[in-house]
Structure formats: C-alpha cells, structure tokens
Amino acid sequence: MIAMNPVGPTSDRPRQGSLSDDDIVDFVSPTQAADAASSSDAPTLSAGPRFVRVPASRTTALAFVVEQVLIALIGGSLLTGLAGLGVMLALDEDAIVLPASWAQLDSFARKLLPFALLSGMALPLPWMLARVARGLLTAGDVRRFCATPGGAVPIEEQRKSRESVRDILTTTGYVTAVTGGVLLVCCLGVTLTALGDEDMLGIGLVASAISGVLLYVGVRLVRHPIPIGNPEDNVPGGDLSTITRAEEATERTIEAQLAARVSEPPKTLPGRWPWLDASARLAWRLGGVATALALVILMGATLLRKPCQGCDERYFGQEVESLLGAGLLVASICTIAAVVLLTLAPLGDVVSQLGTERLVRRQADLPGVGALRPSDSAAEQLLRLPSPLKSLGIILGMWAAAFGWFWLSASLEAAEGHPPFAGGGWMWALLVCLGLLTASAVILRVALRESEATAHVVRATWPVVDPPPPDPTTATDDPATSTGATTPGDAMTTDDVPDSGPPASR
C-alpha cells in the first residue's frame with residue numbers, strides 16, 4: 001500500500017489499517033469496507049508498469065498558475081465591461097433615475113467600458129503565450145523524467161505536450177496570416193486613395209507595414225512548425241514497448257479489482273460531510289429563488305412607475321405607494337440574501353469536495369482497498385471534473401479584474417472632479433484588487449497540489465486506462481470498453497519531488 005505526503009507517495013510510513021467505520025461510511029458502507037479488508041484478490045498498482053503524471057518543475061507550475069490567472073482576468077474584464085455597458089445604456093435611456101449630484105455617473109461607465117473590454121480582448125495573447133510556455137515546459141519535464149529506464153509511463157496528455165503546442169501555434173499562424181492579409185489589402189487600398197494627403201499617407205503606410213508583419217509571422221508559423229521530436233524521448237529509456245506493458249498491467253489490475261467488488265459502488269461520491277452538501281444545495285436553491293424574486297419585484301415596480309420609455313412617471317395613492325416602497329425593500333433584502341447565499345454555496349462545495357478528496361486519500365491506506373474500487377463516474381469526479389478549489393481561484397481573479405478597472409475609472413473621475421467620485425480616496429479598491437489577485441494565485445497553486453495528491457492515489461490505488469475515453473458520458477464499468485476517466489483537460493502540476501520517490505500522477 002501507499003501513504004501520502006503533501007506532494008506524493010512515500011513507502012516509509014506503515015499502512016493505516018485502523019481507520020474506523022466513521023472514516024469510511026461517507027464513501028462506502030462499513031460492511032463493504034470490512035469485506036474488502038479481508039480480501040487479498042484486489043491488487044493495486046503503485047509500482048511496476050503503470051501510467052503516471054510526471055511531477056512538474058516549479059517553473060511549469062508557475063506557468064500554469066499564470067495561465068489560469070490570465071483566464072480569470074479575461075473573464076472578469078469582459079464581464080465588467082458588459083456591466084459597464086448595461087449601466088451606460090440604462091443611464092442613456094433614463095431607465096435609472098439618479099440624484100442630481102450623480103448626474104455624471106455615465107462618464108464613469110464610459111471610462112470603465114473601454115478599459116475593461118479592450119483589456120479583455122488584449123489579454124488572450126499573453127494567455128496563449130503562457131499556455132505555449134506551459135506546454136513546452138511540460139514536454140521538458142517529461143523528457144527529463146524518461147531519461148532513465150523504468151516502468152512508469154507518462155500519460156498520453158503529457159507525452160503529446162509538444163505536439164499540442166505545435167497545433168496551437170499552427171492554428172494561430174493561420175489566423176494571424178488571414179488577419180494580416182485582409183488588413184494589408186484594406187490598408188493598401190486606403191493608402192492609394194490618400195496619395196494627396198501626407199498625414200493619411202503616413203498612417204496608411206505604417207498600418208500596411210504592421211499588416212505585412214502579421215502576414216509574414218502567420219505564414220512563418222504555418223510553414224515552419226516546431227519539431228515534436230521522437231516518440232522514444234517520451235517513454236522511460238526510449239522503450240516504446242513499455243507503453244504496452246503498462247496497458248496490460250493496468251487492465252489486469254482493473255479486472256481483479258472489479259472481480260473483488262462485494263457490491264455495486266455508488267455512481268457519485270458522497271461528500272465527506274453530508275450535512276454540508278445538503279446546506280450547499282439549499283443555499284444554491286434559496287439564492288436562485290431570491291435572485292428571481294428580486295428581479296420580478298424590480299421589473300414590476302419599474303413598469304408601474306414608468307410603463308414605457310416616453311411615458312411620464314406615475315404616482316399613486318398612499319396605499320399603493322406604501323406597497324411599492326415595501327416591495328422595493330423586499331427586493332433589496334432579496335438581493336443581499338442572494339449575494340450572501342450564492343457566495344456561501346460554492347464555498348460549501350469547495351470545502352465538501354476537499355474533504356471528500358482527503359478522505360479518499362486516507363482510504364488508500366486501508367487493507368484490501370482495491371476491492372473498494374469506485375464506479376467510473378465517481379472516479380471522473382476526482383480526475384476529470386474541474387476542481388472546486390480551482391474554480392474558486394478563478395472567481396477571485398475575476399473579481400480582482402472588476403475591482404482593478406473600477407479603481408482606475410473611479411480615480412480618473414475623481415481627478416476630473418466628477419461626482420460622486422470627487423473628493424474620495426479610491427486606493428482601497430486597488431488594494432482589494434491586489435489582495436484578490438494574490439489570493440487567486442495562492443489558491444490556484446494549492447488547488448494544483450491538492451488535485452495532484454488525489455490523482456496520484458486514484459491512479460495508484462484504482463488504476464485507469466490511458467488515454468481516457470473521448471467523452472465522460474461514454475465511460476462504463478466494463479474493462480473491455482472503458483475502465484474509468486483519467487486526466488482532466490488542464491495539466492495539473494505540482495512542485496518538484498525527490499528523484500528517489502515514486503512519480504506523482506494524474
């Protein structure tokens with residue numbers, strides 16, 4: 001058996017066979033665990049020919065975190081820009097009635113809109129570069145790992161990292177070439193029509209030169225793709241037959257574990273704390289109801305007050321006005337409740353999922369744990385579905401983008417003396433932005449480590465076929481067709497581990 005440390009397995013810690021039923025009941029029944037503990041027919045695959053995820057260097061992990069943070073900033077910037085666009089349109093159409101001192105709030109929206117949207121469109125380029133860098137670094141990690149003979153074969157996703165980078169650059173080359181060619185034709189046309197205007201002629205020539213450079217770069221990427229090297233470089237000792245041996249060993253282990261099952265496992269993994277799962281589900285439902293109720297009340301109150309764009313505002317008797325005031329109060333309470341509930345719900349999911357993953361890692365030390373092999377759909381929850389902790393990190397990054405563009409726009413408004421921003425200090429928004437950005441990076445890094453540790457246990461304890469099935473919905477418990485999901489779409493990485501230790505996997 002194996003025992004886990006924060007970054008991978010060790011073999012110097014005794015097996016923990018004394019876990020109580022309370023530690024097991026959330027994953028499998030106590031009867032199932034007791035029967036499995038006395039079984040010797042369910043081997044695991046923590047050594048010998050097997051598929052593993054190569055531990056990544058610190059540089060590779062850093063590239064992955066940067067890539068994910070950029071994704072968060074892109075999403076946050078675009079959503080912030082759309083929110084600014086909605087505010088600007090609402091102000092232009094007088095759908096929102098503001099105090100006289102806030103009459104220039106539309107100026108704030110007009111600043112926020114271009115900052116956010118243009119940055120959201122500019123950030124995909126550095127994101128793509130970070131993705132390419134991560135792929136090349138992963139390929140380097142794999143080749144260093146395979147420089148010595150052994151039975152642990154990197155998973156297909158990692159063995160083809162450099163090939164994936166080549167495909168990304170080739171696709172980018174086609175897009176860049178087409179874009180540069182179209183722009184070059186347009187710019188040359190503008191230049192020819194402006195032969196008598198020196199200013200326009202100069203602009204047209206500069207634009208034509210830039211378009212020509214884009215066309216050249218695109219053609220260069222298409223005609224000269226990066227070399228992907230020899231397949232032998234991506235297997236231990238350059239022996240391609242090791243892949244076949246790893247496949248055979250994996251299939252034999254899976255068949256033995258399926259035969260040793262004492263009952264059909266659950267299709268989904270219950271949470272470590274059932275009460276927390278139930279609370280999170282209730283928070284999601286109540287948050288959705290509160291959101292819908294607030295929208296209905298606000299729309300109804302708006303239509304009663306001003307039924308059409310050209311209509312004058314209408315006022316009613318004291319009783320109706322009192323009801324409208326009470327309705328708006330209820331809508332405000334529902335809005336606050338929705339924000340709180342829809343914030344707590346995903347946090348509950350994160351905590352519950354982390355508890356489930358850690359419970360699974362503890363159960364990997366049980367005697368006869370191979371007989372507790374989960375269903376393929378349950379294994380996919382651990383190996384293929386997005387990590388809740390990673391999702392939390394991306395959400396924090398999106399909020400960081402929102403606060404950053406709010407700070408910039410509010411500071412410019414304050415410098416111009418526009419109310420309600422004039423006279424106030426907005427440095428707090430920048431500090432919140434930087435704090436959220438830092439928290440996002442830290443959480444994403446922790447998510448990589450947590451996901452890596454869980455993935456190693458699952459691959460070593462309940463091995464799965466590599467490559468994974470093309471669609472998670474096609475996975476079944478039949479080893480002849482598909483024995484489980486393997487890696488998620490994103491390359492999960494971790495810190496370097498000592499060379500003497502077994503490789504981590506996902």
Side-chain angles (χ1 to χ4, degrees), residues 65-96 98 102-132 168 171-172 174-176 178-180 182-183 186-187 190 203 206-207 210-211 213-214 217-218 291 295 339 342 391-416 418-422 424 426-441 444:
V65 172
V66 170
E67 176 190 352
Q68 298 303 310
V69 169
L70 287 172
I71 289 176
L73 293 178
I74 291 171
S77 297
L78 292 177
L79 290 176
T80 302
L82 292 176
L85 178 62
V87 171
M88 186 179 68
L89 293 177
L91 293 173
D92 286 343
E93 297 296 330
D94 293 329
I96 300 177
L98 297 173
W102 288 26
Q104 291 178 307
L105 189 60
D106 60 333
S107 176
F108 167 79
R110 294 179 187 278
K111 287 184 174 62
L112 181 68
L113 178 62
F115 287 149
L117 290 181
L118 290 178
S119 66
M121 291 184 287
L123 287 175
L125 177 59
W127 167 75
M128 187 199 70
L129 295 177
R131 187 178 178 187
V132 168
I168 292 172
T171 302
T172 303
Y174 279 113
V175 174
T176 304
V178 171
T179 303
V182 172
L183 290 177
C186 295
C187 292
V190 172
I203 295 175
V206 171
I210 295 174
S211 302
V213 170
L214 290 176
V217 170
T291 301
L295 290 175
V339 171
L342 295 179
S391 301
L392 177 62
I394 291 178
I395 290 173
L396 291 180
M398 294 173 67
W399 275 106
F403 273 97
W405 298 125
F406 173 85
W407 164 79
L408 181 58
S409 302
S411 299
L412 292 176
E413 286 290 282
E416 295 175 3
H418 293 169
F421 301 97
W426 299 100
M427 188 57 65
W428 64 268
L430 178 60
L431 296 178
V432 170
C433 167
L434 296 177
L436 289 173
L437 200 60
T438 302
S440 173
L444 287 170

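Numbering starts at 1 and runs along the sequence shown. This structure is a prediction, so every number in the text was calculated from the model and none was measured.
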Trainee: Please report the closest heavy-atom contact between Leu78 and Gly120, naming both atoms and the distance.
Mentor: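 Between these two residues, the closest heavy atoms are CD2-CA, 3.9 Å.
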
Trainee: Between CE of Met398 and CG of Leu437, what distance do you get to the nearest 0.5 Å?
Mentor: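 Separation between the atoms: 13.5 Å.
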
Trainee: Say whether, by atom type as modelled, one donor and one acceptor occur between the side chain of Ser211 and the main chain of Ala207 under 3.5 angstrom.
Mentor: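 Such a contact is found between Ser211 side chain and Ala207 backbone.
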
Trainee: Going by the ring pair (Phe, Tyr, Trp, His ring centres under 6.0 Å) test, name the single residue among Phe406, Phe108, Trp407 that passes it with Trp426.
Mentor: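 Passing option: Phe406.
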
Trainee: Write down the atom of Ala130, the atom of Val66, and the distance for their closest heavy-atom approach.
Mentor: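 In this case the closest contact between Ala130 and Val66 is CB-CG1, 4.3 Å.
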
Trainee: Would you say that Val190 contacts Ile203 through its side chain, given a criterion of any heavy-atom pair below 4.5 Å between the two side chains?
Mentor: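 They are not in contact (no side-chain heavy atoms under 4.5 Å apart), so the answer is no.
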
Trainee: Provide the closest heavy-atom pair for Leu117 versus Leu82 in the form atom of the first, atom of the second, distance.
Mentor: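 For Leu117 versus Leu82, the nearest heavy atoms are CD2-N, 4.2 Å.
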
Trainee: CG of Leu342 to OG1 of Thr291: how many Å apart, nearest 0.5 Å?
Mentor: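 It is 5.0 Å, given to the nearest 0.5 Å.
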
Trainee: Ion pair present between Lys111 and Glu416, side-chain N to carboxylate O less than 4.0 angstrom?
Mentor: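 So Lys111 pairs with Glu416 through a salt bridge.
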
Trainee: Please report the interatomic distance CH2(Trp127) to CD(Gln68), rounded to the nearest 0.5 Å.
Mentor: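 That separation rounds to 9.5 Å.
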
Trainee: Val65 and Ala441: which non-hydrogen atoms are nearest, and at how many Å?
Mentor: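 Scanning both residues, the minimum pair turns out to be CG1-O, 3.9 Å.
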
Trainee: Would you check if the side chain of Ser77 reaches a backbone N or O of Ile74 as a donor-acceptor pair within less than 3.5 Å?
Mentor: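 Pair absent, no side-chain N/O of Ser77 close to backbone of Ile74.
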
Trainee: What distance separates Ser411 OG from Leu430 CG, expressed to the nearest 0.5 Å?
Mentor: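 Here the interatomic distance stands at 8.0 Å.
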
Trainee: If you round to the nearest 0.5 Å, how far is CZ of Phe115 from CG of Leu408?
Mentor: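 Atom-to-atom, Leu408:CG and Phe115:CZ are 4.5 Å apart.
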
Trainee: By the definition side-chain contact (heavy atoms from CB on, under 4.5 Å), identify the one residue from Val178, Thr179, Thr172 that meets it with Val175.
Mentor: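 Considering Val178, Thr179, Thr172, a side-chain contact (heavy atoms from CB on, under 4.5 Å) with Val175 is found only for Thr179.
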
Trainee: Under 3.5 Å, is there a donor on one side chain and an acceptor on the other for Trp405 and Ser409?
Mentor: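 No donor-acceptor contact under 3.5 Å links the two side chains.
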
Trainee: From Leu129 CG over to Ile168 CD1, what is the distance, rounded to the nearest 0.5 angstrom?
Mentor: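 One finds 10.5 Å between CG of Leu129 and CD1 of Ile168.
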
